[in-house]
2 protein chains.
Amino acid sequence: MATRDEVARLAGVSPSTVSYVISGRRTISEATKARVLAAMRELSYTPDAFAQGLAGSRRGILALHFPTSVDGYSSTEFEYVTAAMERARALGYHMLLWSNPMTDVMGLESLVGQKLVAGVLLMEVSINDPRFDVLRRAGIPFASIGRPDDSADLSYVDNDFAEAGRMAVDYLAGLGHQSIMYINVSVEDQDAGNGPAIRTARAISDAVRVQGMSMREVPVENNARGGRAALDAYLDLHPRPTAVLALKEFATAGFVNAAGMASLRIPENLSVIALGVGDRSAEMVAPALTTVAPPGEVVSHAAVDALVQKIEGSSQGAVQQLIAPLMTVRDSTGPAPR
Amino acid sequence: MATRDEVARLAGVSPSTVSYVISGRRTISEATKARVLAAMRELSYTPDAFAQGLAGSRRGILALHFPTSVDGYSSTEFEYVTAAMERARALGYHMLLWSNPMTDVMGLESLVGQKLVAGVLLMEVSINDPRFDVLRRAGIPFASIGRPDDSADLSYVDNDFAEAGRMAVDYLAGLGHQSIMYINVSVEDQDAGNGPAIRTARAISDAVRVQGMSMREVPVENNARGGRAALDAYLDLHPRPTAVLALKEFATAGFVNAAGMASLRIPENLSVIALGVGDRSAEMVAPALTTVAPPGEVVSHAAVDALVQKIEGSSQGAVQQLIAPLMTVRDSTGPAPR
DNA sequence: CTGAAAGCGCTAACAA
DNA sequence: TTGTTAGCGCTTTCAG
């Protein structure tokens, strides 16, 4: 691989001139610029990222912290990752996928201490997430997809759970449903401070109250077994709710499939709305799930934008944004049975 | 952030001594080692990754090239990514997720030219993948999950499609099935050189011949619509096969769901085996899919190991490994109807 | 408009 | 067992 000095020699200019035609931080005559560019192409020169990082301040890598999860990942979550990646690329950054456990505070400190990355984007943020303190103390730019409870000075992008809950409940109310069941994440997850679960529960119970409906909440694990457990819980309810709101896609699929086995007909006997589930997952299930979810790329894009703004100092203060959900009516919802 | 020189000063040693206690490339007396370690902790020192990369040879980052796909990603594919990430971390490397289109040869050249990454791991490899030439020419270590046709000198880890096809067909034969339909990827994907599709088709048709069975092949897009199209094709067949082998999870789910709508009973009327589909996806569908697939982490782990061996020169020659599939019998297979 | 030169924070060869 | 020093390939200030 050619170095900058070789390019300079070939072009008959000083090394710094080569740097300046690349960075554009100095006006260069068209003539020399052309010669330098030609030399660069001739030697197929690409600046060494480590040398650039050491000498300058610009570090062209973002870290995306996607903590390991026991439940595994859904394609919905993956959509966030790929969208973030694409946005980072569009803005001229590489994306380092970092998946240490959320509690690995030391690991995070060390990642940041290496100064490898220009900023950190956090995913799977909990209500009282320990990572914010670490990052704040380290003085590195960061932003998050999701937010903790104390988020006054933070840059984040999050789903508008309040709106999503209301939208789902209002839609069901419009179909004549009076009583719903909410399939929540497991109690352990709730205790761990799962923001989406907590905020969604709040939004739903508010909306239910406004509509004068009733609601039961059932916590289950996010897998097929959890879905079956939710169905068992449902069957034990008297009277049975006519609609179900569910948060996680594996549990939701499990519930719907178990309902089918039990000869419950969706949506004739029972309507189901999946919250926060992406299109592909919604269509893997029969009947295809009606969903209320934010467009995944919008969230990721906004979050990457917020992080980059912090890094490049192109904005003062924190960027805080709630992304409005979209409702996609598919085949799992219908009028309340009478 | 503290630098190495500050640590040295605090510990009362020379800067290089600090480096040597970190790298262990020199024997240091217990006394000074202890003092240096203490100073490092006191200043919470972490070596600067860019300085290390520039000065030394070791660049602690691997790139995982996961090309963007129009069909979106399944959770099965994501499992490969997360498993690779975990393995990289275990071996002391960071993982850069790189998702430029597969045809972006210049982008790949530039990534490599930056010398940011110590090696590249390729995913979604096609039969005549252009990336290998680029990497070979650049002289950078690389390995792949999947393999091209001309793979003599390459390091790769791939699924053992021949074995998978045989395993699936033999199992169906044992259940008395005589005639099967194979849901392949789209013709465009096949033309693009989709290795898994091509090798699986070959394996199945070989196994079918050996068993004296008959087979029909139907190419569809990997989404719910494709699955429905596959069902239409199935219903047009006379006589209808009693078993279906399918390659992609969204299409498979679409097929199974459409079959349910058409009152085809699985597995009573029709058995379905999903090839290469992960457990979570298999259980999102009703009935849960019998699968033949390699353990995803095994593939990724082996591939990362192969790459790191190339980087660290700890092995001569190419590492080539086919991972044996596992069959998980769930609810979508049963005896052939009579 | 362009060049010279001082680092950035390390690794590793050389010297003791 | 430890210290000294020459780079690694760039960015950017200081000088023309």
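Numbers restart at 1 for each chain; the letters A, B, ... are given by sequence-line order, proteins then strands.
- Atoms CD (Glu6(B)) and C1' (dG9(C)) sit 11 Å apart, rounded to a whole Å.
- Here the P atom of nucleotide dC10(C) and the CZ atom of Arg59(B) are 15 Å apart, to the nearest Å.
- Using a 4.0 Å cut-off between charged nitrogen and carboxylate oxygen, Arg89(A) and Asp104(B) do not count as a salt-bridge pair.
- Residues satisfying the ring-ring contact (aromatic ring centres under 6.0 Å, His included) test with Tyr156(A), not counting sequence neighbours, are none.
- Checking the phosphate oxygens (OP1, OP2) of dT2(D), a side-chain nitrogen or oxygen of Thr32(B) falls inside 4.0 Å.
- In this structure, CE in Met40(A) is found 4.5 Å from CD1 in Ile22(A), a value given to the nearest 0.5 Å.
- Contact check of residues 43-51 of chain B against DNA chain C (heavy atom, cut-off under 4.0 Å) returns Tyr45(B), Pro47(B), Asp48(B), Ala51(B).
- Counting only residues at least two apart or in different chains, side-chain hydrogen bond (donor to acceptor under 3.5 Å, both in side chains) contacts with residues 36-45 of chain B are absent.
- Here the side chains of Val120(A) and Leu307(A) are not in contact, with every heavy-atom distance at 4.5 Å or above.
- The salt bridge (Lys or Arg N to Asp or Glu O under 4.0 Å) contacts involving residues 134-143 of chain B comprise Glu109(B)-Arg137(B), Asp133(B)-Arg136(B), Arg136(B)-Asp153(B), where partners must be two or more places apart or lie in separate chains.
- In this structure, Leu116(A) atom CG and dC8(C) atom P are separated by 20 Å, rounded to whole Å.
- One can place CG of Asp5(A) at 11 Å from P of dA4(C), the figure rounded to the nearest angstrom.
- Atom CD of Gln114(B) and atom P of dG9(D) are 15 Å apart (whole Å).
- Less than 4.0 Å separates DNA chain D from at least one heavy atom of each of the following residues of residues 13-31 of chain B: Val13(B), Ser14(B), Ser16(B), Thr17(B), Arg26(B), Thr27(B), Ile28(B), Ser29(B).
- Across Leu116(B) and Ala49(A), no two heavy atoms sit closer than the pair CG-CB, 3.6 Å.
- Residue pairs meeting the side-chain hydrogen bond (donor to acceptor under 3.5 Å, both in side chains) criterion with at least one member in residues 302-312 of chain A, sequence neighbours excluded: Arg87(A)-Asp305(A), Tyr93(A)-Glu312(A), Gln309(A)-Ser315(A).
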